[in-house]
2 protein chains.
Amino acid sequence: MVVRAEAEPPRRSGRPRRSTREAASGDPRSEILAAAGRLFAERGVGGTTMVEIARASGLRQSSLYYYFRNKGHVLEAIVVEANRVPLRMIEQVREAGGPAPVQLYRIIRADVAALSSLPYDLNEIHRLAGRDPETFTRYWEEREQLVDAVTQVIRAGIDAGELRQMHPRLAALTILSNDEGTQNWLRVAGGPTARDASATRAGLGGTHAIGGFLADLVVRGLLVDASTIDGVRQAADGLDATAVLDL
Amino acid sequence: MVVRAEAEPPRRSGRPRRSTREAASGDPRSEILAAAGRLFAERGVGGTTMVEIARASGLRQSSLYYYFRNKGHVLEAIVVEANRVPLRMIEQVREAGGPAPVQLYRIIRADVAALSSLPYDLNEIHRLAGRDPETFTRYWEEREQLVDAVTQVIRAGIDAGELRQMHPRLAALTILSNDEGTQNWLRVAGGPTARDASATRAGLGGTHAIGGFLADLVVRGLLVDASTIDGVRQAADGLDATAVLDL
DNA sequence: CCCCTTTTCGAGCCGTTATCGAAAGCTGCA
DNA sequence: TGCAGCTTTCGATAACGGCTCGAAAAGGGG
């Protein structure tokens with residue numbers, strides 16, 4: 001079986017579709033991804049069948065395999081974005097400069113918001129990607145970059161004497177997994193009763209506020225002088241107000 | 001279809017098994033759970049089939065349904081323990097008394113260790129339980145108790161003027177999800193390369209050390225006077241050294 | 001006009017969950 | 001002794017999901 005390459009050379013000829021629906025936009029590959037993304041978000045990866053994805057993109061089930069080797073590869077194509085959004089954000093924050101604690105504060109707050117606004121549950125992805133590292137090489141590479149970036153910010157803070165002495169990578173991993181953990185209960189919302197994120201937000205504040213709480217907590221815990229947290233928060237607020245991070 | 005009740009009235013008669021293996025211990029129900037537990041731990045829930053569970057407990061696939069309505073109920077029966085272990089631990093810590101920050105410190109450190117030593121990945125459970133709240137009622141109830149308990153500890157700390165002013169439930173949720181997040185990367189170990197928890201521990205310390213790091217970070221972030229963290233840690237160390245928490 | 005390439009489809013294989021009815025023991029009672 | 005009823009196990013099979021395969025249905029170039 002040969003799978004249609006990602007970078008498309010020729011196009012459009014072939015046997016006509018039985019269903020004409022959704023022939024709208026350009027290439028089928030993107031349409032499949034769009035449809036799959038919607039469905040994964042709605043019902044989770046495990047809860048979505050290839051037949052459903054096919055129907056939603058105007059194809060028959062078996063035609064999907066012309067574009068993707070299997071279901072995992074459909075997911076992979078969607079999910080590279082999951083790490084890229086936070087990566088871009090961190091880059092922007094680092095370029096903006098400023099003291100390490102302020103950078104860290106902004107990173108944490110924005111990361112929580114970014115992860116929470118992903119249509120799918122990052123934990124599900126994380127698990128699936130863990131079970132099939134071959135398919136998800138890109139995912140793991142970019143996650144590693146994420147850890148590296150945060151590690152460097154922390155190291156800089158330690159060197160500048162602003163952050164306490166600690167194992168920078170351990171701290172980075174802890175922070176990132178905290179962000180993911182927070183995303184997780186924002187999504188599941190602490191129980192089956194209030195399942196969607198908006199319900200949680202109503203009770204406890206938006207993702208910005210909740211991310212802010214986490215950032216406050218963590219950065220304060222890392223600071224050499226905890227009392228400087230107020231200045232850090234104000235600086236972060238100022239920067240986030242002016243330079244809107246485009247996610 | 002009638003499922004054999006959980007509390008067993010009569011027992012043992014019926015058609016003999018084709019395979020005699022594993023007729024060892026008492027009731028089949030426990031044997032199934034034991035086997036399923038092992039397999040879930042080894043290959044994850046999704047990666048384990050009912051045929052495998054059956055074979056491992058000396059039965060045929062269809063016989064499992066005499067004891068459990070479906071695969072989800074097998075999982076549910078195993079997984080109630082997931083919340084009970086931390087619950088018992090928190091109770092012990094609270095009974096031991098002492099300042100709220102110390103209690104919190106001990107709770108966080110022990111929770112990370114407890115979650116990490118679970119044979120299965122709590123995140124997978126969390127997700128499955130979220131998708132099927134009916135089956136997992138007990139799970140959610142006990143998780144709610146967990147949140148409540150931590151909330152109360154925090155509230156006590158605030159009232160005593162030891163912890164900063166904050167939304168106690170928000171803080172409790174954040175802390176618990178951080179523990180879960182930490183468990184998550186301890187398990188997946190930051191990437192597909194070093195997949196088992198021991199590999200991670202080798203690099204960054206045991207679950208006790210990593211839990212300690214998180215506890216340090218979080219409690220310090222919550223303290224009114226961050227400089228008291230050293231006393232808190234020492235108190236916690238002392239208590240954990242003497243009164244060994246039985247998990 | 002016919003062959004080649006591209007795209008799509010239908011049929012079907014295989015593995016998994018779950019159901020159903022029957023088989024195979026045991027127990028107790030006529 | 002024999003048989004009726006209960007409990008436990010099994011085999012067959014339905015339903016469904018992922019994935020493969022070979023062929024059909026176009027368009028384009030010689």
Side-chain angles (χ1 to χ4, degrees), chain A residues 1-5 7-23 26-32 36 39-40 43-76 128 131-132 135, chain B residues 1-5 7-23 26-32 36 39-40 43-76 128 131-132 135:
Chain A
M1 174 202 49
V2 180
V3 173
R4 185 78 160 58
E8 73 282 35
R11 238 170 61 197
R12 273 284 138 186
S13 128
R15 174 170 173 172
R17 300 188 177 179
R18 249 166 141 277
S19 152
T20 47
R21 285 190 313 141
E22 192 81 18
D27 68 318
R29 215 189 142 82
S30 322
E31 277 170 38
I32 293 171
L39 290 167
F40 286 168
R43 327 180 185 188
V45 178
T48 303
T49 74
M50 292 299 269
V51 177
E52 290 170 327
I53 299 176
R55 193 157 34 219
S57 31
L59 288 167
R60 307 291 185 186
Q61 186 256 36
S62 62
S63 304
L64 295 181
Y65 293 83
Y66 182 69
Y67 295 97
F68 297 94
R69 196 182 312 280
N70 54 42
K71 195 177 173 183
H73 276 79
V74 177
L75 178 61
E76 200 276 341
L128 293 170
R131 293 216 164 268
D132 183 7
T135 303
Chain B
M1 173 202 49
V2 180
V3 173
R4 186 78 159 61
E8 73 280 35
R11 238 169 63 199
R12 272 284 139 185
S13 125
R15 174 171 175 171
R17 298 188 177 178
R18 256 171 133 269
S19 152
T20 48
R21 285 190 314 139
E22 193 81 20
D27 69 317
R29 215 189 142 82
S30 322
E31 276 171 38
I32 293 171
L39 289 166
F40 287 167
R43 327 182 186 188
V45 178
T48 303
T49 74
M50 292 299 268
V51 177
E52 291 168 327
I53 298 175
R55 192 157 33 219
S57 32
L59 288 166
R60 307 291 184 184
Q61 186 257 66
S62 63
S63 304
L64 296 181
Y65 294 84
Y66 181 69
Y67 295 98
F68 297 94
R69 197 183 310 281
N70 55 42
K71 193 176 172 183
H73 277 79
V74 177
L75 178 62
E76 199 274 342
L128 293 170
R131 293 211 165 270
D132 182 7
T135 304

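All heavy atoms count here, side chains included; hydrogens, waters and symmetry mates do not. So that the names make sense, note that chain A is the first sequence line, chain B the second, and so on, each numbered from 1.
Rounding to whole angstrom units, CE of residue A/M50 and C1' of C/dC9 are separated by 15 Å. What separates CD of A/E52 from P of D/dC19 is a distance of 15 Å, to the nearest Å. In this structure, B/Y67 atom OH and D/dT7 atom P are separated by 12 Å, rounded to whole Å. We find that CZ of A/R69 is positioned 13 Å from P of D/dC21, with the value rounded to whole Å. When the C1' atom of D/dT8 is taken as reference, atom CG of B/L64 falls 13 Å away, rounded to whole Å. Atom pair A/R43:CZ and D/dG17:C1' shows a separation of 14 Å (rounding to whole Å applied). The distance between atom CD of A/E31 and atom C1' of C/dT7, rounded to the nearest whole Å, is 14 Å. The NE2-C1' distance, from A/H73 to D/dG18, rounds to 15 Å in whole Å.
Looking at heavy-atom distances under 4.0 Å, B/S62 makes contact with a base.
Evaluation of the side chain to side chain contact (heavy atoms under 4.5 Å, CB included) rule for A/T135 yields A/H73, A/E76, A/D132 as partners, not counting sequence neighbours. In terms of the side chain to side chain donor-acceptor pair (under 3.5 Å) criterion, B/R15 has no residue partners (sequence neighbours excluded). For A/L128, the side chain to side chain contact (heavy atoms under 4.5 Å, CB included) test picks out A/V45, A/L75, A/E124, with sequence neighbours left out. With sequence neighbours excluded, the residues that form a side chain to side chain contact (heavy atoms under 4.5 Å, CB included) with B/R18 are B/R60.
Note on B/R60: a side-chain N or O is less than 4.0 Å away from OP1 or OP2 of D/dG11. Neither OP1 nor OP2 of C/dC9 sits under 4.0 Å from any side-chain N or O of A/R18. Applying the 4.0 Å criterion to OP1 and OP2 of C/dC9, one finds that A/Y65 has every side-chain N and O outside that range. For A/S63 and C/dC9, the shortest distance from a side-chain N or O to OP1 or OP2 is below 4.0 Å. Phosphate contact (OP1/OP2 of D/dC10, side-chain N/O of B/Y66, threshold under 4.0 Å): absent.
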Decide side chain to side chain contact (heavy atoms under 4.5 Å, CB included) for A/F40 and A/I53; before the verdict, give the C-alpha distance in whole Å, the side-chain angles of both, and the deciding distance to 0.1 Å.
CA-CA 9 Å; A/F40 286 168; A/I53 299 176; 4.1 Å; yes
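For the atom pair OG of B/S63 and CE of B/M50, the computed distance is 10.5 Å after rounding to the nearest 0.5 Å. In this structure, CG on A/L39 lies 8.5 Å from OG1 on A/T49, to the nearest 0.5 angstrom. The CG atom of B/L59 sits 12.0 Å away from the OH atom of B/Y66 when rounded to the nearest 0.5 Å.
Of all the heavy atoms in B/R17 and B/S57, the pair that sits closest is NH1-O, 3.3 Å. Scanning both residues, A/V3 and A/F68, for their nearest heavy atoms gives CG1-N, 3.9 Å.
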Which letters describe nucleotides 23-30 of chain C, given B = protein heavy atom under 4.0 Å from base, S = only from sugar-phosphate, - = neither?
BBBS----
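In the set D/dT20, C/dT16, C/dA18, the nucleotide with an atom closest to the side chain of B/T49 is C/dT16.
The residue among A/Q61 and B/V51 whose nearest nucleotide of DNA chain C is located toward the 5' end is A/Q61.
Over its full length, the helix from C/dC1-D/dG30 to C/dA30-D/dT1 turns its helical axis through 50°, comparing axes from the five pairs at each end and rounding to 10°.
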